Amino acid sequence: MPSVTLMNNETAESLKSVIEKGSVEELLGPELEKVHWEAVVRGRITRDTVEELSKIKGEPDWMRRLRLRALEMFEKLPEPKWLPIKEEIDLESLVTYAKPSIERAKSWDEVPKEIRRYYEALGLPELEAKVLAGLLGQFDSEVVYLHVKKYLEEKGAIVTTMDEAVKRYPDLVKQYFTRVFPPGEHKFAALHVALWSGGTFVYVPPGVRLDMPIESFFLIGTSGEGQFEHSLIVADEGASVEWLEGCAAPVYKGFSFHDGMVEGFAAKNAHLRINTIQNWSRNIINFNNKRAVAMENATVEWVEGSLGSKVSYTYPSTVLKGEGARTSIIGVTIANGPFWKENGAKAYHDAPRTSSKIVNKSVSINGGTVVYRGLVYVRDGAKYAKSSVSCDSLILDDKSRAYTIPHDQVFEETATVTHEAYTGRLSEDKLFYLRSRGFDEGTARSLVVLGFIQDIVVRLPTEYAMTLNRVIELEFGKLSRVG
Amino acid sequence: MSAKWLVELRERARELVPKIPYQQIRDSPSVKYYTDWNAFERCADPNPAMITRAEPVFDLVEPGVAVVNGYLSLGKVPSGVRVLDLEDLGDEYGSLVFKSIDINESKALARHVANILGGAYVEIAESIDEPLRIIVNTNTNSQVLIPTHYTIAVNDGVRASLGLYIVNNGGCPSTTAEVYLGRGSLLNLLVISMGDSTPEFTMLRVITNENSSVVARSLLIGGSMNHHREDYLLQGVGSRLNHLGLEVGVGSSRIDYQVNAMHLGEGSSSYSRVLGVARDKSFIIHRALGRIFEKARWSDTNVEGKVFVLNEGAYAASVPVIMVDTGDVNGARHSAADASLDEDQVNYLRLRGFDRDEVMDLLIHEVVSQFLDSLPKEFLVDSEALRLLLINKLIMKH
C-alpha cells in the first residue's frame, strides 16, 4: 500500500492519511477478511433486542431502563419529515450491535492483526505517540483500543469508554448523559439512546487545563451495520479540553448506518473544543447528533470537517445557557460525486450577553449537493446577545448544487443577529491567472479551493489543517487528469 | 350561475380540502411553523347569509376595480385595459385561471378555491400611464373566509403600473393573484396589505417572459395572522425582478412574509430587499428564497432582509434561503439582520432631547420614507396617500 509508506515520513503526515485519499476506500482498500464477532444483535428493534444488548453489556439497571424508555419514544415519535433519510435505511436489515471477539487492548501489539491493519493504514499509532494525550479506537460497536497517557492520570482527568464510565462513574454519567441531547427530540436520537454502544467519556476536573488533545477514532468494518457510539465530553469549572473525533470505513458492497451522538458540557469559565474530521467511505449514511451546553463565561468551539459518506446530516449545536457564554461553529463540507451533504449549525442563546459565530464553507463537484441548514435562536431575556452567520458555497461544475437554509429567530429586542451567504462558481479568471503562471489545471483548481476555505483552515489544529489541505490537493488536483 | 370551469374547479378543490395539510414541510425539529394555521381554521366557510354587498371602506386612492366581499364593481379603468368578472368568464379564458397555481399545494389554497366568491380577469393590452388599481376589500362582522382571485395578463411590449390593495375590515380575506408578463414588457407593481383582527391569506404569483421586467413594491401593515407570499417566477430569458418590501408589525400582529425569486430563464436577475419593523407585541417573519434552477444558467439572485425589533415583547424571524442547482451561476447572495436599535444612535438622539418613543417613531419614519421614496413615479398619488396613512397609524402622538 504505497500510501502507508508516504505517511511514515513525518508527524504532520500521519493524520493526513485518514483523509488524504479523498475516498478512504483507496486507503483502507476493500473489506477483506471479516473480523469475527463474539456477539451480534440484528433484526427488528424490539424490547427484547434492547434487553439483550443491555444484558450482553452487563450494565446497571438504570441504563437498561433508560434504553427502554428511549425505545418507547422511538416507537411513538413520527418519521422525521425534515430529512429524506428514511428511504435510504432499512433498520431491520442492519446488524445493530456487533462486538468484535477480542479483548480491549492497551497497546497496539495486543490488537489483532486484522484490525490493527486498519488503524495502521490510518497512521493512528504514530499520531498517538507524538501528539495525543489519549487515544480510543472503536471498531464496529465496541472499543478495541484504549491508551491513556500518564499525563492525563496526573492531571486527574478521566478518559475511558462510555460503557466503562456507566459502570465506574454512574453518578457523574447520570448528571450529563442524555441531559444535553434528550432522546425525545426526534426519532433517530431516540433510536440512538436505545441502541448506543461504545464511545468516549472524558471528564476534566475543575481548574485542570489539558494542553494535549484526546482523540477517538471510529471505524465501521463491514456493510449492513449500524454504529451508535455515544461520546460525552465534560469540562468542569475553569477546565479546558480538546477532543478530536475521526471517522472512517473501508469500501463495502452494501451500506452501513451511523447514528452517533456527542454531548458536551462546559461548566462556568470552561473551554471545550470538539474537532471532527468525518471521512466515512461512500457507503455510509451518516447521521450525527451533536450538542454542547456552555455555562457562564464558558466557550464551546466546534470544527466539523465533512468530507466522506454517501449522505450526511450533522448539525453541531450549542446551548448558551450561562451569561457571557460563547460558541463558534466552523464547518467545511465537500461533496464530490452524487452525494448529499448537510453540515449545519445551531446556536441557542438562552442567557444575556451570549455570543455565537457560525462559519460554513462548502464545495460541490461532480453532481454533489451541499446543504447548510442552521438555526440561531435568541430567547426573550437573552439581553445583548450577538450572533453572526456566514456561509459560502463554491460550485465547481454545472451538475452540482448548493443550498443555504438558515433560520434566525429573535425574541429579544436588544439582540443583534446577522447572516450572510454567497454561492458562486469557480472563477475562470482566477484559473487562467494561475495557469498563466505555470500551474497545471489540477493544481490551479486545488489552489483556488484552498484559497476559498483558507480562513477556516487557519482555525483548525495544525494536523487537521494539513490533512485538509492535502485532501483538497488530491481531490481537485486529480480532476484535471480525469478531464 | 357560475361557468362550468369554475364549478368543476371548486368541486375538485372541495374534495382536496380534507386530504391535504396546510403545510407540507417542516424544516427541522427545532423550527416550528411560522404561520399559525389554526387561526385560519377558525374562519368559517362562507355562506350567503354571512356575506352581503357592501361599499368599500377605503378612500385612499380611486379604484379601477373594486371587489368588496367578492362582489365586483368597476371604477376608473384606463383605456387599453379589459376587466372581466370571474363569474362571467367562458371556458376559453377560464382555462387560464389558476394555471400557474397548484391547488394541491396546501389546504389553505384548496379551501380558497373551494369557496371562491369572485374576482376578475384583467388584460392590459396597451401601455398605460395611470396605474390600474384593484381594491380587494372585506367588510363583515362574521369571521368568515372571503376568497377572491385575479388573473392579470400584460401583453408583449406593454409598460404598465398595477396597484393591488388588500384591505381587511372584517372577515378573513383570502386573495390569490397570478400576473403574466409578455415579452419585453415592464410592470410596476404595488401591493398593499392592511391587516385587521382576523387572519388573512395572500398568494401572488408573477410569471415573467423573455426580457420582461417587474419592479415590485410591497407594504404589509399589521394583521392578527397575515400570511403573505409572493412568488416571482423568472421564466423568461433575461427577465428581471427588482423588489422592495416593508412589513410593519404593530399591536399584537403577526406577519409571515415570504418572497420567492425562482429563476428558470437563462441570464435572469433578481434583487429583493425586505425591511421590517416590529413594535409593541408583534411578531414579524421574513422568509426569502433565491433559487436558480439548473436551466437558468448565468443568472444572479440577491435576497436581503433587515428587521428592527423595537421593544421588549416584539419578535422577529428571518429565513433567507439560497438554492443553486448549477455551477454556471453569476452569483447568489443573501444577507439578513435582526437588529435592535443602535444604542449609540439612541443616545445621540436622546441627548438632543428625544425620548425613547420618539426615537422609535423617527426610525419608523425613516424606514417608511425609504420605502415610499422608492416607489416608481407612476405611484405618486399612492405614495402621498400612504405617507399620511402610515404617519397617522404608526407614529405615536406625544
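Bear in mind the structure is a predicted one, so any value in this text is a computation, not a measurement. Because only heavy atoms are used, hydrogens play no part in the values below, and waters and symmetry mates are left out as well, while side chains stay in. Convention: sequence-line order gives letters A, B, ...; per-chain numbering from 1.
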Heavy-atom distance under 4.5 Å to chain A: side chain of [X], backbone, both or neither?
X      : result
B/N302 : neither
B/L289 : neither
B/R291 : side chain
B/F308 : neither
B/E312 : both

_Please determine whether a side-chain nitrogen of the Lys or Arg among B/R350 and B/D355 lies less than 4.0 Å from a carboxylate oxygen of the Asp or Glu._
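Here B/R350 does not pair with B/D355 in a salt bridge, since their nearest N and O are not under 4.0 Å apart.
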
*Any donor-acceptor pair under 3.5 Å linking the side chain of B/Q258 with the backbone of B/E230?*
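Between the backbone of B/E230 and the side chain of B/Q258 there is no qualifying donor-acceptor contact (under 3.5 Å).
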
*Measure from NZ or CZ of A/K346 to the centre of the six-membered ring of A/Y377 and say whether it is under 6.0 Å with the direction within 45° of the ring axis.*
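Geometry flag: not set, cation outside 6.0 Å or 45°.
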
Any donor-acceptor pair under 3.5 Å linking the side-chain atoms of [Y] with those of [X]?
X      : Y      : answer
A/T318 : A/W302 : yes
A/S306 : A/N343 : no
B/H286 : B/S318 : no

*By a 4.5 Å heavy-atom criterion (distance strictly below it), what part of A/A415 contacts chain B: side chain, backbone, both, or neither?*
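When you check distances to chain B, only backbone atoms of A/A415 fall under 4.5 Å.
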
_Does any backbone or side-chain atom of A/D398 lie under 4.5 Å from a heavy atom of chain B? Answer side chain, backbone, both or neither._
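Both parts, backbone and side chain.
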
*Apply side chain to side chain donor-acceptor pair (under 3.5 Å) to the pair A/T418 and A/S388, showing each step before the final yes or no.*
CA-CA 5 Å; A/T418 60; A/S388 75; 4.9 Å; no

Tell me, out of [options], who's got the most heavy-atom pairs with chain A below 4.5 Å.
options                        : result
B/A337, B/A317, B/A332, B/A314 : B/A332
B/D328, B/V329, B/V324         : B/V324
B/V309, B/D325, B/T326         : B/D325

